[in-house]
Amino acid sequence: MFAVTAAKASPEDPLAALRLGDHPDPAPPDGWVTVTVKAASLNHHDVWTLRGVGISADRLPIVLGCDAAGVDEDGNEVIVHAVLGEGAGRGGDETLDPSRSLLSERYDGTFAEKVAVPRGNLVPKPAGLSFEQAACLPTAYLTAYRMLFAKSGLEPGATVLVQGAGGGVATALILLGRAGGYRVWVTSRSEEKRARALELGADQAFASGSRLPERVDAVMETVGQATWAHSLRALRPGGRIVASGATSGAAPPAELNRVFFLQLSVVGSTMGSRDQLSRLATFLEQTVVRPRIDRSLPLAQARNGFAAMSSGDLFGKVVFTR
Ligand SMILES: NC(=O)c1ccc[n+]([C@@H]2O[C@H](COP(=O)([O-])OP(=O)(O)OC[C@H]3O[C@@H](n4cnc5c(N)ncnc54)[C@H](OP(=O)(O)O)[C@@H]3O)[C@@H](O)[C@H]2O)c1
C-alpha cells in the first residue's frame with residue numbers, strides 16, 4: 001500500500017527523513033481491525049518523530065500519523081482513537097498506562113491507505129462531520145478538550161489565555177473554549193494570525209509577550225520555552241497553567257518564587273481517553289463548532305504539509321485525503 005513513513009531520525013532537517021512510497025499492508029492481530037483511511041491529519045508529533053524525538057531507531061521505518069477517520073471492515077464510518085493502552089484500573093484513562101503508545105510510535109500510523117488498531121479504539125463518526133473534519137479530532141482537538149474541560153478547573157465565563165494562536169491545538173482551544181463559554185484571549189507572533197484568531201472567535205489577540213489588560217484565570221501552553229515567562233506573569237494569584245506541549249523548548253527557568261508566592265498551579269495534560277473522544281464528537285455534533293482546516297491535500301502531496309508545519313506557516317490543521 002502507499003504510505004508516508006519516517007525512514008530515519010533527522011534532528012536538524014526533519015523533511016530529509018520523510019519517505020513516500022510502498023509499505024507492507026497491515027497484518028492485524030486478534031482483536032484488531034483494519035480501517036480504510038479516508039482522511040488523516042498532521043500533528044507536530046509527526047515532525048518530532050522525523051527529528052527522532054520520542055522514538056528509538058529500532059522502530060524505524062514506521063508509518064507516520066496519529067489521527068484518522070475512515071471506514072471499518074463492516075462499512076461503518078469511524079474515528080480512530082490514537083492512544084493504545086489499558087484504561088482498566090486507571091479510571092478508564094488509558095493515557096495513564098505507563099506502557100501506552102500513540103499510533104506511529106510502536107505501531108504503524110494513519111498516513112497510509114489502511115491502518116490496523118484495536119477494535120476498542122474505534123469511535124463512531126457523527127454524520128454531521130466530514131471525514132476531513134473528523135480526522136482533526138483524535139490528537140489536537142482531544143488534547144484541547146481535556147485541557148479546557150478536565151484540567152483547567154474553570155467554569156464557563158472564566159478567562160483563558162491561549163499561547164501561539166495559529167497551531168492545531170491552539171485553534172482547537174479557541175474554538176472549543178469559546179463554545180464552552182470561556183472568554184478566550186490569544187497571543188501570536190504574527191499580526192495576520194492574530195486577526196484570524198479574532199475571526200475564529202477569540203475575544204482579544206495580543207502580540208506574543210505583551211502586557212495584558214488584566215490577569216487571566218488559566219493559560220493554555222503548547223509553545224513552552226518562548227512563552228513560559230509570559231504565561232507565569234499572565235496569571236492571577238491562584239491561577240493555573242495547563243501545559244501539553246513545548247514546541248519552542250522544554251526547559252525554561254521555572255521561576256519557583258513566582259509559582260509559590262502567587263500560589264500558581266502547573267498541570268500537565270496529554271491527549272484524552274477514548275470516552276472523552278466520544279464526548280468530543282458529540283460536543284461538535286451539538287454545536288456549530290467545526291475544526292479549522294488550514295489546507296487539505298492528497299496524501300501523495302504530504303511533503304507540502306510537513307514543510308508548512310516545520311516553518312510555522314499554518315493556521316489550523318493540515319489534512320491528508322485519499
Ligand atoms: N501532550 C499532548 O498530548 C499533545 C497533543 C498535541 C500536541 N502536543 C504538542 O503541542 C505542541 C503544538 O502542537 P500542534 O500540533 O498544535 O503544533 P503546530 O500546529 O505546529 O503549532 C505550533 C504553534 O506554536 C507557536 N510557536 C511555535 N514556535 C514558537 C516560538 N518560538 N515562539 C512563539 N510561538 C511559537 C506558533 O504560534 P504563532 O505562530 O501563532 O505565534 C504555532 O502556531 C507540539 O509541541 C506538540 O508536540 C502535545
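Numbers here are sequence positions counted from 1. Order of appearance sets the numbers: ligands from 1, and atoms from 1 within every ligand.
Relative orientation of the Tyr182 and Phe149 rings is parallel, given thresholds of 30° and 60° on the angle between their planes.
No side-chain donor from either of Thr321 and Glu132 sits under 3.5 Å from a side-chain acceptor of the other. There is no side-chain donor-acceptor pair under 3.5 Å between Asp93 and Ser273. Of the N and O atoms on the side chains of Asn76 and Lys125, not one donor lies less than 3.5 Å from an acceptor on the other residue. Donor-acceptor pairing under 3.5 Å is recorded for the side chains of Ser56 and Asp58.
In terms of polar-atom proximity, defined here as any N/O pair under 3.5 Å, Gly166 does make such a contact with ligand 1. Considering both main-chain and side-chain atoms, Thr139 never comes within under 3.5 Å of ligand 1 through any nitrogen or oxygen pair. Taking any N or O of Thr227, backbone or side chain, none lies under 3.5 Å from an N or O belonging to ligand 1. Considering backbone and side-chain N/O atoms, Arg189 comes within less than 3.5 Å of an N/O atom of ligand 1. At least one N/O-N/O distance between Val169 and ligand 1 falls below 3.5 Å. Considering backbone and side-chain atoms alike, Trp48 places an N or O below 3.5 Å from some N or O of ligand 1. An N or O contact shorter than 3.5 Å is missing between Ser248 and ligand 1 by distance. At least one N/O-N/O distance between Gly168 and ligand 1 falls below 3.5 Å. An N or O contact shorter than 3.5 Å is missing between Ala140 and ligand 1 by distance.
The residue among Asp313, Leu314, Thr95, Val223 with a heavy atom at the shortest distance from atom 25 (C) of ligand 1 is Val223.
For ligand 1, the atoms lying closer than 4.0 Å to a non-hydrogen atom of Thr247 are 11 (C), 12 (C), 27 (C), 44 (C), 45 (O). Against a heavy-atom cut-off of under 4.0 Å, Ser188 is close to the following atoms of ligand 1: 38 (P), 40 (O), 41 (O). Atoms of ligand 1 lying under 4.0 Å from at least one heavy atom of Ala246, given by number and element, are 45 (O). For ligand 1 and Ser269, the ligand atoms under 4.0 Å from any heavy atom of the residue are 1 (N). Listed by number with element, the atoms of ligand 1 under 4.0 angstrom from any heavy atom of Met309 are 19 (O), 20 (O).
In this structure, the protein non-hydrogen atom closest to atom 48 (C) of ligand 1 is Ser244 O, 2.7 Å. Scanning all protein heavy atoms for the shortest distance to atom 13 (O) of ligand 1 gives His44 CB, 3.7 Å. Among all protein heavy atoms, the one lying closest to atom 37 (O) of ligand 1 is Gly164 CA, 3.3 Å. From the protein, the heavy atom lying nearest to atom 22 (C) of ligand 1 is Gly167 CA, 4.1 Å. The nearest protein atom to atom 3 (O) of ligand 1, hydrogens excluded, is given as Met271 N, 2.8 Å; this is a heavy-atom distance. Protein heavy atom in closest approach to atom 5 (C) of ligand 1: Thr143 OG1, 3.1 Å. In terms of protein heavy-atom proximity, atom 10 (O) of ligand 1 is nearest to Gly245 CA, 3.6 Å. For atom 32 (N) of ligand 1, the closest non-hydrogen atom on the protein side is Ala226 CB, 3.3 Å.
Closest heavy-atom contact between Gly272 and Glu94: O-OE2, 4.2 Å. Taking both residues in full, the closest heavy atoms of Val169 and Ala144 are given as O-CB, 4.1 Å, listed atom of the first, atom of the second, then distance. Contact detail for Thr49 and Ala6: the closest heavy-atom pair is CG2-CB, 4.2 Å. Between Arg292 and Tyr141, the shortest heavy-atom contact is N-OH, 3.0 Å.
Expressed to the nearest 0.5 Å, how far CD of Glu255 lies from OG of Ser231 amounts to 10.5 Å.
In this structure, the side chain of Ser244 does not engage the main chain of Ser269 through any donor-acceptor pair within 3.5 Å. A donor-acceptor pair is defined here as one N or O able to donate and one able to accept, closer than 3.5 Å; such a pair exists between the side chain of Asp97 and the backbone of Ser99.
A heavy-atom distance below 4.5 Å is not found between the side chains of Arg194 and Val186. Looking at Arg322 and Phe2, their side chains come closer than 4.5 Å, going by heavy atoms from C-beta outward.
The shortest separation from a heavy atom of Gly312 to ligand 1 is not under 4.0 Å, leaving the residue out of contact. Contact between Gly249 and ligand 1 is absent, with no heavy atom of the residue lying under 4.0 Å from the ligand.
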Q: Test salt bridge (Lys or Arg N to Asp or Glu O under 4.0 Å) on Asp203 and Arg178 and set out the steps.
A: CA-CA 9 Å; Asp203 295 281; Arg178 189 62 204 258; 3.3 Å; yes

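Contacts of Ser190 with ligand 1, taken as heavy-atom pairs under 4.0 Å, are absent altogether.
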